[in-house]
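Taking it in order: structure first as structure tokens, then the write-up.
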Amino acid sequence: MKNQRLTIFAIAAVVLLILIVALSSSMFITIPAGHSGVIFRKFGGGLDLEKTFGQGFHTIAPWNTMHIYDTRIQEKTEEMDVLAENGLSIHVDLSFRYRAVPNQVGLLHNEIGPEFASKIVVPELRSATRKVIGEYLPEELYSTKREAIQTEIYETTERNLQPKHVHLDAVLIRSVNLPATIKNAIERKLEQQQQRDEYEFRIQKEQKEAERKKIEAQGIKDFQDIVSDGISERYLKWKGIEATQELANSSNSKIVIIGGDDGLPVILNNN
């Protein structure tokens, strides 16, 4: 009787071990780094929209299902043809980065599902790109307002993706392709604009230099007027006499001739 009970216990243990091994893939879940999980309870209310499972090891009932989302930043490229404000077709090559919001993967799985990139991210990006570029001329996209256009596309797309539990990290315009004739015309126009800006700069520079010289000349004139009012012929002769006396008293040998053309002594160096 005792041996029979031991045999039954051993068989039950083996069966339990077999069940555990068979169900281990459903019961023991490891969520990788940069991922989040959301559980679907088949007999307990369905998808749990409140709780999100982070990275690491988790144990769940074998009849439940863990849906795992990569919440790291993903990058994709998109090429498309859009119409500018003047109706010209432009080929644009875009690069964009996005990610699922980690604590909202339950809502994301419930409303959209794992293919959210192709279902909402790409369509929203394409729609925003067509709308924004349609408000600009080709030459603005090709040169002067490229960064502003890029920022508008990002802001419009991000605003539309936020309610859908997806974060847009960045949008980059990698290249813009125009027909050769249009591209050459734009380049010529930009070159002419640069030449015109340079010419205007040179004119402004010359005007400022002329104003500077005028101010300088006026200053010199004012100085001369002030100085000339205070200098008389008698004053100059007196200063000449003082200078003559200083030279005559110096140790250098010299000849002093009294009575020059202007009434001042003439000093000849005898060295």
Residues in ring-ring contact (aromatic ring centres under 6.0 Å, His included) contact with [X], at least two apart in sequence or another chain:
| X | result |
| --- | --- |
| His58 | Phe53 |
| His109 | His67, Tyr69 |
| Tyr136 | none |

Q) Which residue, Asn160, Thr156, Ile153, forms the side chain to side chain contact (heavy atoms under 4.5 Å, CB included) with Leu125? A) Ile153
Would you give the length of the straight line joining atom [atom1] of [X] to atom [atom2] of [Y], rounded to the nearest 0.5 angstrom?
| X | Y | atom1 | atom2 | result |
| --- | --- | --- | --- | --- |
| Tyr98 | Ile73 | OH | CD1 | 11.5 Å |
| Phe28 | Met66 | CZ | CE | 13.0 Å |
| Gln104 | Thr52 | CD | OG1 | 9.0 Å |
| Ile149 | Ile173 | CD1 | CD1 | 6.0 Å |
| Gln207 | Gln204 | CD | CD | 7.0 Å |
| Leu83 | Ile133 | CG | CD1 | 10.0 Å |

[X] with [Y], same ILVMFWY side-chain cluster at under 4.5 Å:
| X | Y | value |
| --- | --- | --- |
| Val101 | Ile112 | no |
| Met80 | Leu161 | yes |
| Leu137 | Val176 | no |

Just wondering, do [Y] and [X] contact through their side chains at under 4.5 Å, heavy atoms?
| X | Y | answer |
| --- | --- | --- |
| Ser36 | Ile68 | no |
| Ile90 | Pro138 | yes |
| Gln150 | Leu172 | yes |

With sequence neighbours excluded, what pairs up with [X] under the side-chain hydrogen bond (donor to acceptor under 3.5 Å, both in side chains) test?
| X | value |
| --- | --- |
| Glu111 | His165 |
| Glu135 | none |
| Arg97 | Asp169 |

Contacts of type salt bridge (charged side-chain N to carboxylate O under 4.0 Å, His left out), residue [X], not counting sequence neighbours:
| X | value |
| --- | --- |
| Arg72 | Asp70 |
| Arg159 | none |
| Glu152 | none |

Is there a donor-acceptor pair under 3.5 Å between the side chain of [X] and the backbone N or O of [Y]?
| X | Y | value |
| --- | --- | --- |
| Glu140 | Lys145 | no |
| Ser127 | Pro123 | no |
| Thr71 | Gly34 | yes |

Q. Between Glu158 and Gln162, do the side chains contain an N or O donor and an N or O acceptor separated by less than 3.5 Å?
A. yes
Throw together a table of side-chain donor-acceptor distances under 3.5 angstrom for residues 37-51, partners on residues two or more places apart or in other chains.
unit_1: Arg41; atom_1: NH1; unit_2: Asp48; atom_2: OD2; d: 2.9
unit_1: Asp48; atom_1: OD1; unit_2: Glu50; atom_2: N; d: 3.0
unit_1: Asp48; atom_1: OD1; unit_2: Lys51; atom_2: N; d: 3.3

Q: Write down the atom of Pro32, the atom of Gln55, and the distance for their closest heavy-atom approach.
A: O-CB, 3.4 Å
Q. Which atom names give the shortest non-hydrogen contact between Ala117 and Lys76, and what distance separates them?
A. CB-CE, 3.9 Å
Q: With sequence neighbours left out, write down each residue that passes side chain to side chain contact (heavy atoms under 4.5 Å, CB included) with Glu115, or none if nothing qualifies.
A: Ser118, Lys119
(Q) For a side-chain contact (heavy atoms from CB on, under 4.5 Å) check, start with the C-alpha distance between Phe96 and Thr157, then their side-chain angles and the critical distance, and finish with the verdict. (A) CA-CA 10 Å; Phe96 59 98; Thr157 308; over 6 Å; no
Q. How would you list all residue pairs meeting side chain to side chain donor-acceptor pair (under 3.5 Å) that involve residues 77-87, not counting sequence neighbours?
A. Glu78-Arg126, Glu79-His91, Asp81-His91
